Amino acid sequence: MKIAITGATGQMGTNVIKKARDKKIEIETAVDREETTSRGVDVKNDEELKNLLKENPVDAIIDFTVPEGTMKYLEAAKKTKTPIVIGTTGFSEEQEREIERVGEEIPVLRASNFSPSINVMRSLIEEASKKLEDYDIEVTETHHNRKRDAPSGTAKTFLEEIKKARGKFEEVNGREGEQPRMEGEVGVHAKRAGDIKGTHEVLLAGDDEVLKIRHRSESREVFASGALKAAEWLKDKENGFYSFQEVLEQ
Ligand code: NAD
């Protein structure tokens, strides 16, 4: 498999380079906002992405950048008919709809988290929210001090699972002052510190007991491996909008 990596100097981009090398996957193209090198790979200016993909087609693009970057790279992917795996988070609803729509033109896979166990955790959350229907739920996520978006894409995905199980609820992002807990609301809390790779906890509490479902990423490599697995899976797919769960199910 041949890939193109966007955001090649970022935390995730460098991990994708490392994992691709470990798996003997060819990095045909790497781009970022400025020309440089990253882990020994030549990184080109991202303005050239479309031409680079035209000259040297790849099986998939792997993107971990920022929403405005992804939307730009999506155009290059569309114009060159290149499948794209998107790990970036923090999109607006409008951007999310546009990404899904591009699935009509090329294969697109977007996931807020490429860890296999986070995807298992999603099912556990749905089941617990359904079976413990009157328990209070609070979601807490902790990430490194450079993370831009809050709550994390993964926390938002967990909220979707709770919604599937319980229907609509009031989402309360942090609390301060006089703000008692209202029935049925779900509290969401984001902590930012150091170089924490990502911790997510969903707490369900009844009158006499507490259930905590908790995941801690020990390294960013787990996300890089998952994204490469997704690219391998996506490269021969028909046009469409796909999820990482579909990759794990096969
Ligand atoms: P980072 O800050 O280390 O890297 C960001 C990259 O984006 C850099 O290469 C930077 O040069 C580039 N960039 C910044 N602004 C840009 C712009 N306007 N246009 C184009 N490129 C731009 O961040 P990171 O830790 O590598 O995370 C990147 C994204 O991936 C974030 O959205 C993060 O939440 C997400 N992420 C997703 C997963 C997952 O499993 N889906 C895992 C980890 C991180």
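Remember, predicted model here, so these are calculated numbers, not experimental data. Order of listing sets the numbers, starting from 1, for every ligand and every atom in it. Throughout, numbering of the chain's residues begins at 1 and tracks the sequence.
- Residue Gly90 places no heavy atom under 4.0 Å from ligand 1.
- Backbone and side-chain nitrogen or oxygen atoms of Ser112 are examined, and one is located within less than 3.5 angstrom of a nitrogen or oxygen of ligand 1.
- For the pair Gly10 and ligand 1, the shortest N or O to N or O distance falls below 3.5 Å.
- Comment: Glu133 does not engage Arg166 in a salt bridge, judged by the lack of any side-chain N to carboxylate O separation of less than 4.0 angstrom.
- Ligand 1 has no nitrogen or oxygen under 3.5 angstrom from a nitrogen or oxygen of Asp46.
- Each of the atoms 8 (C), 9 (O), 10 (C), 11 (O), 12 (C) of ligand 1 lies under 4.0 Å from some heavy atom of Asp32.
- Looking at Met12 next to ligand 1, an N or O pair under 3.5 Å apart turns up.
- Salt bridge absent: Lys164 and Glu160 never bring a charged side-chain N and a carboxylate O closer than 4.0 Å.
- In summary, the side chains of Thr199 and His215 do not present any donor paired with an acceptor at a separation below 3.5 Å, with no hydrogens or angles considered.
- Scanning the protein for heavy atoms near atom 37 (C) of ligand 1, the closest one is Gly87 O, 2.9 Å.
- Heavy-atom proximity to Gly7, at under 4.0 Å, picks out these atoms of ligand 1: 9 (O).
- Of the protein's non-hydrogen atoms, the one nearest atom 1 (P) of ligand 1 is Gln11 N, 3.9 Å.
- In the candidate list Thr65, Val66, Thr6, Asp195, Thr65 is nearest to atom 31 (C) of ligand 1, counting heavy atoms.
- The NZ atom of Lys18 sits 11.5 Å away from atom CD1 of Ile27, with the distance rounded to the nearest 0.5 Å.
- Contact atoms of ligand 1 toward Lys147: 34 (O) (distance under 4.0 Å to a heavy atom of the residue).
- Counting atoms of ligand 1 from 1 in the listed order, those under 4.0 Å from a heavy atom of Phe114 are 39 (C), 40 (O), 41 (N).
- Given atom 19 (N) of ligand 1, the protein heavy atom at minimum distance is Gly69 CA, 3.6 Å.
- The shortest distance between side-chain heavy atoms of Glu104 and Phe241 does not fall below 4.5 Å.
- For atom 38 (C) of ligand 1, the closest non-hydrogen atom of the protein is Phe64 CE2, 3.5 Å.
- Salt bridge annotation for Glu141-Lys147: absent, with no cationic side-chain nitrogen under 4.0 angstrom from a carboxylate oxygen.
- Inspection of the Thr6 and Thr65 side chains reveals no N or O donor paired with an N or O acceptor under 3.5 Å.
- For the ligand labelled ligand 1, residue Arg33 lies inside the 4.0 Å heavy-atom shell.
- With hydrogens and angles disregarded, a donor-acceptor distance shorter than 3.5 Å links the side chain of Asp32 to the backbone of Thr9.
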